[in-house]
Amino acid sequence: MVDDDQIARSKRIQQRTGKTFHFATRVLPERVREPTYVLYAFFRVADEIVDGAETGPPDEQRRELDRLRNAALSREETDDAVLSAFAELCDEHDIAAEDVETFIDAMRSDIDTDRYETYEDLEAYMDGSASAVGRMMTAVMDPDEPAAALPHATALGDAFQLSNFLRDVREDIVELDRVYLPQETLREYGVTEAQLKRFEFGENVEAAMRHELRRAESLYKEGVAGIKYLPEDCQFAVLLAAVLYAEHHALIRERGFDTLSATPELSTYRKLTLFVKTRWAWFRCKDPETVFRRVSCVPYGDSESNRSGAGHADRVPAR
């Protein structure tokens with residue numbers, strides 16, 4: 001059984017490193033909220049091995065990830081509070097070992113992969129870095145129809161990840177020398193690596209960003225369509241997370257699609273405002289898709305969009 005100290009340590013990691021996710025986690029029921037702290041802490045510990053400020057050389061990173069893998073899958077003992085809590089969680093909630101393996105493999109790929117030729121290549125990476133995370137979260141929530149819920153959880157995990165990539169274009173180049181926008185998309189719109197490294201924003205970069213934003217928004221729609229398959233006490237929290245992560249697209253549009261100059265960030269006020277709007281809409285209609293249409297910035301077409309500016313994604317002028 002995961003103890004209070006392990007949960008508290010995991011919660012502090014999430015509070016410090018995942019503010020948007022933490023905001024949504026707080027409205028989960030306790031039976032899911034506390035395991036979610038542990039899940040997130042495990043994901044962050046793995047991520048820090050390859051992306052942290054003081055990462056070691058590649059061989060050392062691989063050894064650390066293998067140690068993490070073995071501890072998480074109870075193949076060897078560990079005195080690390082987060083790893084032992086995660087291993088217990090996997091046993092308690094029947095989290096698939098395959099998903100843990102897929103996640104660690106994705107972290108390993110970050111060591112020597114910094115470009116993705118096609119979206120299919122990026123999607124394969126996200127199956128570990130995002131989709132597996134969604135599947136693990138679904139196991140913790142324990143829906144009555146997991147087979148119905150899982151494909152949508154996979155899509156929503158990918159949507160969250162793509163939003164992060166689009167928000168963090170500058171940060172990923174500066175801190176990690178990585179470009180997560182597919183190379184085929186960049187070529188299609190005439191964006192060069194040199195242009196990105198000079199942080200030179202232009203109409204071609206804007207067009208590439210629009211392209212990937214539309215892709216992400218299709219994933220949000222697919223993901224939100226499956227929230228109804230989750231337990232009722234989890235639906236609002238997952239819906240709120242979708243609204244909050246998608247709101248990064250509104251920030252991107254407000255900047256004229258320029259995330260090369262700076263990384264946009266959701267303010268606490270904006271999160272609170274969206275929480276209130278989402279909660280009120282949920283009170284009036286407990287249908288996740290309907291609420292998402294009404295509250296989120298994701299366009300569903302002019303006749304269905306309720307928020308100011310939604311439904312006009314491709315009419316925003318360049319900065």
> If every non-hydrogen atom of M209 is compared with every non-hydrogen atom of L166, which pair is closest and at what distance?
Replying inline: CE-O, 3.5 Å
> Considering residues, nucleotides and ligands other than D144, do more than 12 of their heavy atoms fall under 6.0 Å from its CG?
Replying inline: no
>> Run the side-chain hydrogen bond (donor to acceptor under 3.5 Å, both in side chains) test against E101 and tell me which residues pass, sequence neighbours left out.
In response: R69, R75
>> Can you confirm whether E120 is buried at CD, in the sense that more than 12 heavy atoms of other residues, nucleotides or ligands lie under 6.0 Å from that atom?
In response: yes
>> For Y269, give me all partners under ring pair (Phe, Tyr, Trp, His ring centres under 6.0 Å), at least two apart in sequence or on another chain.
In response: none
>> Contact between V276 and R279 at the side-chain level, heavy atoms closer than 4.5 Å - yes or no?
In response: no
> When hydrophobic residues are tied together by side-chain contacts of less than 4.5 Å, even through go-betweens, does F199 share a cluster with V179?
Replying inline: yes
>> Testing the basics here: between A72 and V100, what is the closest heavy-atom pair and its distance to 0.1 Å?
In response: CB-CG1, 4.1 Å
>> Can you confirm whether more than 12 heavy atoms, excluding those of R26, are under 6.0 Å from its CZ atom?
In response: no
>> If you compare all heavy atoms of T138 against all heavy atoms of A149, which two are closest, and at what distance to 0.1 Å?
In response: CG2-CB, 4.2 Å
> Going by heavy atoms in the side chains, are R294 and C285 under 4.5 Å from each other?
Replying inline: yes
>> I'd like to check the side-chain hydrogen bond (donor to acceptor under 3.5 Å, both in side chains) partners of S131; sequence neighbours left out, ordered by chain and number.
In response: D158
> Which pair of heavy atoms, one from E217 and one from P299, lies closest together, and at what distance?
Replying inline: OE1-CD, 3.4 Å
>> List the residues meeting side-chain hydrogen bond (donor to acceptor under 3.5 Å, both in side chains) with D127, not counting sequence neighbours, and say none if there are none.
In response: R135
> Does F283 sit in a hydrophobic cluster with other residues, and if so which ones, taking ILVMFWY side chains as linked at heavy-atom separations under 4.5 Å, directly or through other members?
Replying inline: W280
>> Once salt bridge (charged side-chain N to carboxylate O under 4.0 Å, His left out) is applied, do any residues pair with R108, and if so which ones, sequence neighbours excluded?
In response: D66
> Taking only residues two or more places apart in sequence, or in another chain, which ones meet E175 in a salt bridge (charged side-chain N to carboxylate O under 4.0 Å, His left out)?
Replying inline: none
> Can you check whether H93 reaches D142 side chain to side chain, under 4.5 Å on heavy atoms?
Replying inline: no
> Under the ring pair (Phe, Tyr, Trp, His ring centres under 6.0 Å) test, which residues partner H249, sequence neighbours left out?
Replying inline: Y220
>> If I take atom CG from residue L39 and atom CD1 from residue I95, how far apart are they, to the nearest 0.5 angstrom?
In response: 5.0 Å
> How are the rings of F292 and Y300 set to each other: parallel, tilted or perpendicular (split at 30° and 60°)?
Replying inline: perpendicular
> By the rule that ILVMFWY residues connect when side-chain heavy atoms come within less than 4.5 angstrom, directly or transitively, which residues belong alongside L150?
Replying inline: none
>> Just verifying a value: how many Å separate T273 OG1 and L266 CG, rounded to the nearest 0.5 Å?
In response: 11.0 Å
Distance-only donor-acceptor pairs under 3.5 Å for side chains of residues 223-243, two or more places apart:
unit_1	atom_1	unit_2	atom_2	d
D233	OD1	R31	NH2	2.9
D233	OD2	R31	NE	3.0
D233	OD2	R31	NH2	3.4
Q235	NE2	K228	O	3.4
Q235	NE2	L230	O	2.9

> Measuring from L89:CG to S84:OG, what's the distance to the nearest 0.5 Å?
Replying inline: 11.0 Å
> Is there a path of hydrophobic side-chain contacts, each under 4.5 Å between heavy atoms of I, L, V, M, F, W or Y residues, that connects F275 with F160?
Replying inline: yes
> Is it the case that one hydrophobic cluster holds both F43 and L73, taking links as side-chain heavy atoms less than 4.5 Å apart, direct or via other members?
Replying inline: yes
> Is the shortest distance from a Lys or Arg side-chain nitrogen in R210 or E206 to a carboxylate oxygen in the other one below 4.0 Å?
Replying inline: yes
> Between T102 and D99, does any side-chain donor sit less than 3.5 Å from a side-chain acceptor?
Replying inline: no
> What is the minimum heavy-atom distance between S129 and M107, and which atoms define it?
Replying inline: CB-CE, 4.1 Å
> Does D177 pair with R115 as a salt bridge, N-O distance under 4.0 Å?
Replying inline: yes
>> Strictly by side-chain hydrogen bond (donor to acceptor under 3.5 Å, both in side chains), give each pair with a member in residues 180-190 just once, sequence neighbours left out.
In response: D110-Y180, E117-R187, R178-Y180, T185-E212, Y189-H211
>> Give me the atom names and distance for the closest heavy-atom approach of L219 to Y119.
In response: CD1-OH, 3.7 Å
> With sequence neighbours left out, what residues match T290 under side-chain hydrogen bond (donor to acceptor under 3.5 Å, both in side chains)?
Replying inline: D287
